[in-house]
Structures are given as structure tokens and as C-alpha cells.
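Everything below concerns the one structure shown next.
Per chain, numbering begins at 1; letters A, B, ... match sequence-line order. For clarity, every value in this text was computed on a predicted model and none was experimentally measured.
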Number of protein chains: 2
Amino acid sequence: MKARIYVTLRKGVLDPQGKAIQRSLSHLGMEGVDEIRVGKFMEVTLGEMTRPDAEKLLDDACRRLIANTVIEDYRFEIEG
Amino acid sequence: MKARIYVTLRKGVLDPQGKAIQRSLSHLGMEGVDEIRVGKFMEVTLGEMTRPDAEKLLDDACRRLIANTVIEDYRFEIEG
């Protein structure tokens, strides 16, 4: 079973990495980007389990380890 | 115009960050994750432009700045 996790900065939280990329693009002559916000993306391979178990596992993993929920939001998709 | 960029490690490239997350989950009692591979995810807001221009801009940005194409693959989606 495959899943994907997306972790993004909450609205209003500053993203210096995104700003740096945006500025670098402009310095390289690539104009037209108004904003970039950088997040994390994870491809997860799960063992044999039911879909509800997978949902619980991923939600726990995000809440307890992967995302800092003070400044980050997370969401996940389970394939199939 | 909104777009999303996904940068992932190429197949075969070691991912110590993913391994560390996997091990930590196991230490926290969350079993069932066979593999985690960590990538980057970007939410991009583009100015007014045509879709082909947006595709060219994003492809250039990924190739020249955002992704290290020796070890990383990239793909992007343009919304709407």
C-alpha cells in the first residue's frame, strides 16, 4: 500500500527558503513567480493493513513526528 | 495561476532522512511503515502568463535552480 504525505507551512508563517528561491529565480532572469512556499513531501510504502489502520498510522506519524503542528499543516493520500 | 512542484530523490539514491523517520516511527511504537522517501514540495503562485510560458518557466526553474538533476527528479502540475 502506497501513500503520500504533504507537509506545508501554515498560512502566515514566514518562509525564508521560499523567498530565497524566488529571489534567486529573479536574479537568474526568470521572472513571473509571485510566491513560492516550500514544504515536504513523502512517499510512504506501508505493509499489509486495512485502510482505516493506514489512516490512523499516517495521522499519528504526522502528528507525533513528521509535522510540527504549531507551524505546519499536513495532509496525506492513500493510493488505491 | 497556481502550480505545484514535486522534487524526489531518484530511484537508487540513498535517503538517510527517510530512514531516520522510519526508525523513529518504529521506536515510537508505530509499526507498519516499510519505506519512507522524503522529497520537496512547492506551492507556486505565478503572475499572468500563458500555460506554455508557465510550463517553460517552471521547467527552467526546476532544472536550473530547484532540483539537483544528478540525484533528483522533478515534476510539476499547473492548476486550472
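- There is no path of hydrophobic side-chain contacts, each under 4.5 Å, that joins B:M1 to B:Y6.
- Applying the salt bridge (Lys or Arg N to Asp or Glu O under 4.0 Å) criterion to A:R64, with sequence neighbours excluded, gives no partner residue.
- B:L46 is connected to B:V7 through a chain of hydrophobic side-chain contacts under 4.5 Å among Ile, Leu, Val, Met, Phe, Trp and Tyr, so both are in one cluster.
- B:E79 has its side chain within reach of B:R4: a pair of non-hydrogen atoms, C-beta onward, lies under 4.5 Å apart.
- Rounding to the nearest 0.5 Å gives a distance of 8.0 Å between NZ of A:K19 and CZ of A:R23.
- Across A:V44, A:T45, A:V38, the residue that shares the most heavy-atom pairs under 4.5 angstrom with chain B is A:T45.
- Residues of residues 68-76 of chain B placed with any heavy atom under 4.5 Å of a heavy atom in chain A are listed by number as B:R75.
- Linking ILVMFWY residues whenever their side-chain heavy atoms come closer than 4.5 Å, directly or via other members, leaves B:V13 and B:I36 in distinct clusters.
- Residues A:T8 and A:R37 fail the side-chain proximity criterion, which asks for heavy atoms closer than 4.5 Å.
- The two residues B:V33 and B:Q22 have their closest heavy-atom pair at O-NE2, 3.5 Å.
- Identified by a heavy-atom distance below 4.5 Å to chain B, the contributing residues of residues 48-58 of chain A are A:M49, A:L57, in residue-number order.
- In this structure, the portion of A:E31 lying under 4.5 Å from any heavy atom of chain B is its backbone and not its side chain.
- Under the 4.5 Å side-chain heavy-atom criterion for grouping Ile, Leu, Val, Met, Phe, Trp and Tyr, B:L25 is connected to A:M42 within one hydrophobic cluster.
- Every side chain to side chain contact (heavy atoms under 4.5 Å, CB included) that A:S24 has, sequence neighbours left out, goes to B:L65.
- Counting heavy-atom pairs closer than 4.5 Å to chain B, the top-ranked of the candidates A:K40, A:E35, A:Q17 is A:E35.
- For the set A:A3, A:G39, A:G18, the entry with the most heavy-atom pairs within less than 4.5 Å of chain B is A:G39.
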